[in-house]
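As structure tokens, the structure follows; a few thoughts come after it.
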Amino acid sequence: MPKTILIGAPIDSGQQRPGCLMGPAAYRVAGLAREIAAEGHGVEDWGDLTLPPLREVACPNPAVHSLAETVAWTEILMDRVDDALSGGGFPIVMGGDHSLALGSAAGAAAFAHRQDRPLFLLWLDAHSDFHTPLTTTSGNLHGTPLAYINGRDGFDALPPFPTPVPAHRICMFGIRSVDPAEQAAMQERDIQVNDMRVIDERGLVAPLREFLDAVRREGGMLHVSLDVDFLDPSIAPAVGTTVPGGATFREAHLVMELLHESGLVTSLDLVELNPFLDDRGMTARLMVDLVGSLMGKKVFDRPTRAK
């Protein structure tokens, strides 16, 4: 794996519960860089991004808030993730609410386009985040990034997404909270949704390997966006959008172990960690442990599954 680049994204503008801006510091305190280095990977911390000057932007939906801030974060994150990938690095964006994926995925898409490679997206989340600025009723833009990535209309204030990711290259995993408007839009586009019902019936391994096989067949790059609320709140309470019935400790580690074995992941988001809501840092430590599994940490080495 190339050198890991840590990018702090102290973003709170995508939602209205303060605390996510402390996420990057919590990951550092929990030892994210040490965990990566312990698995034999180089790691470089580029520090936290700072909000650039705001420009005037508008949205016809009066519910939308903090639009100018979200646009500015999107633009700077797009550039930084693209820079990290262009330099041969493996960017990990430490958030910050999920609106950061507007920029991180755009940066990955811009780089993939120049490499003439398709970008795939694995969305590990309780929520579908498939609203647009025009359809959201809460006005929280952390509920919109997947729609932007997929190329839905309504994002005129943001930079055009470089080569939108089509439905067959998106895999939603662990979903269990979807608004009716989002559900209808996703069904129109036939996005692969592995909600918790699918995982209960089929398990994790089969649907995830099917998706990874598709990435491999097309020679794709894989951006993974990991939301704290993918996990069950009993093991990861530090998130403002808890939904019962999430991934267990072992299920989450299995996902990361399979991703490591695939060798396909090229960039990663860690989002929605709110340290103010944590219990003595347990959520931050778990997220760091999960990154360790993605980097190759395991009890016993096992032979890679035959391709």
Side-chain angles (χ1 to χ4, degrees), residues 1-15 17-39 41-54 66 68-108 110-111 124-125 141-142 145 223-230 236 238-240 265-278 281 283-292 294-295:
M1 182 177 283
K3 177 186 286 188
T4 301
I5 306 295
L6 302 181
I7 302 171
I11 299 172
D12 254 351
S13 63
Q15 41 82 57
R17 187 163 192 171
C20 285
L21 59 83
M22 299 186 292
Y27 285 121
R28 293 187 179 98
V29 171
L32 182 58
R34 291 193 303 273
E35 184 71 31
I36 295 166
E39 298 308 314
H41 304 288
V43 57
E44 185 175 324
D45 192 337
W46 283 6
D48 287 355
L49 300 175
T50 56
L51 186 65
L54 305 183
S66 307
E69 291 87 349
T70 301
V71 169
W73 283 122
T74 298
E75 292 172 342
I76 192 171
L77 260 171
M78 179 179 177
D79 288 344
R80 292 300 273 168
V81 169
D82 193 348
D83 289 345
L85 288 165
S86 298
F90 175 86
I92 296 181
V93 181
M94 305 178 296
D97 70 59
H98 218 155
S99 67
L100 71 81
L102 296 161
S104 61
F111 177 77
L124 301 170
D125 199 332
L141 293 176
H142 73 165
H223 182 78
V224 176
S225 202
L226 172 60
D227 192 312
V228 170
D229 68 25
F230 168 69
V239 63
V265 182
T266 49
S267 48
L268 173 69
D269 300 330
L270 303 174
V271 305
E272 296 288 349
L273 176 65
N274 186 334
F276 187 74
L277 304 175
D278 213 354
T283 308
R285 290 196 301 272
L286 174 54
M287 292 288 280
V288 167
D289 286 344
L290 291 174
V291 174
L294 178 63
M295 294 293 166

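- Nearest approach of R17 to N274, heavy atoms of both residues: O-ND2, 4.1 Å.
- Once rounded to the nearest 0.5 Å, the distance linking CG of L102 with CE of M78 reads 11.5 Å.
- Considering only heavy atoms from C-beta on, S13 stays 4.5 Å or farther from L141 through its side chain.
- The shortest distance between side-chain heavy atoms of P52 and E75 does not fall below 4.5 Å.
- Between S267 and F90, the shortest heavy-atom contact is N-CE1, 3.6 Å.
- Across all their heavy atoms, F111 and D82 have their closest contact at CB-OD1, 3.8 Å.
- S104 approaches D269 most closely through the heavy-atom pair OG-OD1, 2.8 Å.
- Atom CG of residue L268 and atom CG of residue L270 lie 4.5 Å apart, to the nearest 0.5 angstrom.
- Ion pair D48/R28 flagged as a salt bridge, since at least one NZ, NE, NH1 or NH2 atom sits closer than 4.0 Å to an Asp/Glu carboxylate oxygen.
- V81 and A108 get closest at one heavy-atom pair: CG1-N, 3.8 Å.
- At distances below 3.5 Å, not a single donor-acceptor pair connects side-chain atoms of D227 with backbone N or O atoms of H98.
- Put simply, the residue from T70, L77, V93 that forms a side chain to side chain contact (heavy atoms under 4.5 Å, CB included) with I11 is L77.
- To the nearest 0.5 Å, the span separating CH2 on W46 from CE on M94 amounts to 12.5 Å.
- A donor-acceptor pair is defined here as one N or O able to donate and one able to accept, closer than 3.5 Å; such a pair exists between the side chain of H41 and the backbone of M295.
- Between the side chain of D229 and the backbone N or O of D125, no donor-acceptor pair lies under 3.5 Å.
- With rounding to the nearest 0.5 angstrom, the CG atom of L51 is 8.0 Å from the CD1 atom of I76.
- The minimum heavy-atom distance linking A101 with S225 is given by the pair CB-OG, 4.1 Å.
- A heavy-atom distance below 4.5 Å is not found between the side chains of L294 and L226.
- Under a 3.5 Å cut-off, the side chain of E272 and the backbone N or O of V228 do not form any donor-acceptor pair.
- Distance CG/D79 to CG/D83: 6.5 Å, rounded to 0.5 Å.
- Contact annotation: the side chain of T4 never approaches that of V291 to less than 4.5 Å [non-hydrogen atoms, C-beta and beyond].
- Going from atom CG of D12 over to atom CG of L100 covers 11.5 Å, rounded to the nearest 0.5 Å.
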- Verdict with supporting geometry, S99 and W73, side chain to side chain contact (heavy atoms under 4.5 Å, CB included): CA-CA 9 Å; S99 67; W73 283 122; over 6 Å; no

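- Remark: the backbone N or O of G14 is paired with a side-chain donor or acceptor of D97 at under 3.5 angstrom.
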